[in-house]
Structures are given as C-alpha cells and as structure tokens.
Amino acid sequence: MGTQVRIYDRRALLDAKAALVKFAEQVGAALASMDSDVARLGQWLHQDRPSHWKREIRQREDGVLAAKTDIQRKIIAQAPEPVSLILERKVVQRAQAYTEEAKRRYQKVKQWGPRWERDSLLYKTTVSGLTDAINRDIPLALNRLEKMLLALEAYERIAPPDGGDGTDTGVTSDVIDIPLLPTLAMLAPPASIPASTSDSPDDIKIDYATTSNSPPAALAGSDHSGLPDSPSLQSALRSADTLAADGQGGRA
Amino acid sequence: MSANATKANLIDALKQLRARWSHIKMIWQDEAALKFEQDVIDPLEPAILSAARGVEHVGELMAQVHRECGDDHRD
C-alpha cells in the first residue's frame, strides 16, 4: 500500500503534544480535586460525625432534663397555687424534638459510613477509564508523538524539501509531503498501545511504484559522512540502504 | 471544587482538546493522523462522559450526606 506522510507543518505534532499535555493537566487536576472531596467526606463521616452527634445527643438530653427541672421548680415555687406551664412544656417538647433529631442524624451517620465506602468505590470505577487515559494512554501517546517528531526531524535533515543543498532543513516548512520512509517506522505506537488496530504504522509498506516520490538520494548511498549521528537517523539510513538496493534490483 | 465545577472542567477540557485537534487536522493529514485520532483522541470522549456522570452522581450523594448528617439548624 502506498502511504505518504502528509504533514504541512511539524508544528502539528508539537501542537498535538501541547494539547494532550494541557488536557491531561486539566483532567488530572479536576479528578484529583474530586478524589480529595470524596476522601474528605469519608473521613468526615467516619471520624467527625459520630462523635459530633453523640456529643449533641448528650447535650440535648441535658437540655430536656433542664427544661423538665424548670417545670418542677416552678410548680414547687408556686405551690399550692396552680401554675401555667404552657410555655415550659413547649420548651420541653422542643428540647425533646432536638434530641430526637440528633438521634436520627446519628443513625444516618452510622448508615452512611459503610454505604459511602461502596459509593466512593463505585465512583472510582466510573472514572477509572479516564484515570487510565491520563496516567497511561496519554503518556504513551506523547511518547508516540515524540517518536514521530524525531523521525520527521531526522528525515528533514537528510532530505530537504526543496532538494537544495541541505542547509534548509524545513523545520517549520509549510509543506512536508514525503513518502513514508523506513525512518517513520518509528511512528509505530509503543507495544502497550492496544493492538486491536490492524493498520498500524508497522503494517504500512512503502510502495515507491505508486508514488511520485522516490527515496532521497541522501538515504540511498553508503557514504553517510557528515550526517548527524542520531540513532533514529542511523536506523533510517540502514533501512534506506536496504530499500535502495531492493529498489534497484526490482527496477532492473 | 464542587462536583458541578469538576464536571464542567472535564467537559471543558474535552471541548478544548477537540477544538485544538480540529485545527491540528488541517495541517496534519495522513493515515498516522487518522490512526492517532482513532487510538488516542476518540476514546477520550466516552471516558470523559463516563467520568462526568460519575462525578455528577457522587456530587448528588455528597449533598445528600451533608443534608442528612450535617448540623441541623436550631432556632
């Protein structure tokens, strides 16, 4: 299959990296904040609330007792005359309602404790796909982009797009329209990228017969002196030598 | 940060990424770009949406816990 790399500007790869980094930062910060809130609520439920409501129940029961004591004190103080206890009884009723409310909330705290453990685990499950993407997939994708950049950079060094003297590397060239040379075999995703895709860059074959571009002469010779000493470039050169030999054989 | 803010930030991050990727696609047009989009960019959308739903749900639960276990308001 004849395949061409068609990148009009290598800034595309840099922009893709920047976009992914920013995305990972934004999402990572949002998830970290939410995780923190979830964990904090768990602590609040397990450590703060039980003691808080136990204390409240005691204090409110004391309030009920005090209100009842006030009634008794008033009865004794007014004896043997009848006294109106309407207000005092309302105070007692209100204090009892407060106490019951505290007891209800204490029961709720006891119910929510284990439930929150389950719900927070469920929450972590629902965000695990995104967490994996941030912690695993995006770093792999960044690595993949970095390899593309290195491959493109190596190609630009050895094959100036204007076919000139090699001084114009076209680093920010407007159009880089090149056949997919072996150098770009490095575009292949890392091994840990899901292998479900059938048309990975590894599978892309170079078909010079179907493209107007032929391997750059700089790649086809054995004299590579003066070229940058980079592993990717050396790999490209070795592959190009092989291809050039094959291509000559095929045409012959 | 509230659950609503977290959810909004997640959706916003996805929108920004999509917008930038649309721009990138104008200057990167080959099979590698298409494959990169399929492998990396596209799977992020369902992940974000699932996470946003999870955040929304846990946010509702948090509000319920605060209502039921927080301090009541005495006269």
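By convention in this document, chain letters (A, B, ...) are assigned in the order of the sequence lines, proteins followed by strands, and residues within each chain are numbered from 1.
Between Arg115(A) and Leu61(B), the closest heavy-atom pair is NH2-CD2, 3.6 Å. The shortest heavy-atom contact between Leu130(A) and Ala51(B) is CD2-CB, 3.6 Å. Closest non-hydrogen pair, Val38(A) versus Met62(B), comes out as N-CE, 4.2 Å. Shown here for Ala47(B) and Gly129(A), the closest heavy-atom pair between the two residues is CB-C, 4.2 Å. Taking both residues in full, the closest heavy atoms of Trp44(A) and His66(B) are given as CH2-ND1, 3.6 Å, listed atom of the first, atom of the second, then distance. Here the closest heavy-atom approach between residue Thr6(B) and residue Ala30(A) is recorded as CG2-O, 3.5 Å.
Counted within 6.0 Å of CG on Leu121(A), heavy atoms from surrounding residues, nucleotides or ligands total more than 12; the atom is thus considered enclosed.
With a 4.5 Å cut-off on non-hydrogen atoms, Glu68(B) touches chain A through its backbone and its side chain both. With a 4.5 angstrom heavy-atom cutoff, Lys22(A) touches chain B only via side-chain atoms. Of the two parts of Arg104(A), neither the backbone nor the side chain holds a non-hydrogen atom closer than 4.5 Å to a non-hydrogen atom of chain B. Arg67(B) touches chain A through its backbone: at least one of N, CA, C or O sits under 4.5 Å from a heavy atom, while the side chain does not. For Ile48(B), the parts lying near chain A are the backbone and the side chain together; criterion is any non-hydrogen pair under 4.5 Å. If you measure heavy-atom distances from Ala18(A) to chain B, the contacts under 4.5 Å come from both the backbone and the side chain. Heavy-atom distances place both the backbone and the side chain of Leu20(A) under 4.5 Å from chain B.
In terms of heavy-atom pairs under 4.5 angstrom with chain B, the leader among Lys108(A), Lys124(A), Glu101(A) is Lys108(A).
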Apply side chain to side chain contact (heavy atoms under 4.5 Å, CB included) to Asp71(B) and Arg49(A), showing your working.
-> CA-CA 9 Å; Asp71(B) 290 329; Arg49(A) 291 293 92 183; 3.4 Å; yes
Show your working on side chain to side chain contact (heavy atoms under 4.5 Å, CB included) between Asp119(A) and Val58(B) and close with a plain yes or no.
-> CA-CA 7 Å; Asp119(A) 286 333; Val58(B) 85; 5.6 Å; no
Apply side chain to side chain contact (heavy atoms under 4.5 Å, CB included) to the pair Asp39(B) and Arg144(A), showing each step before the final yes or no.
-> CA-CA 11 Å; Asp39(B) 289 350; Arg144(A) 190 170 161 181; 3.1 Å; yes
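Counting heavy atoms from C-beta on, the side chains of Arg105(A) and Cys69(B) never come closer than 4.5 Å. Inter-residue side-chain proximity for Val40(B) and Asp137(A) is flagged as unmet; no heavy-atom pair is nearer than 4.5 Å. With contacts defined as side-chain heavy-atom distances shorter than 4.5 Å, the pair Thr126(A)/Arg53(B) does not qualify. Contact check for Gln26(A) versus Asp12(B): side-chain heavy atoms found under the 4.5 Å cut-off. Looking only at side-chain heavy atoms (C-beta outward), Gln16(B) and Phe23(A) stay at 4.5 Å or farther from each other.
Rounded to the nearest 0.5 angstrom, Met148(A) CE and Trp28(B) CH2 are separated by 4.0 Å.
Salt bridge Lys25(B)/Asp15(A): absent, no basic N to carboxylate O contact under 4.0 Å.
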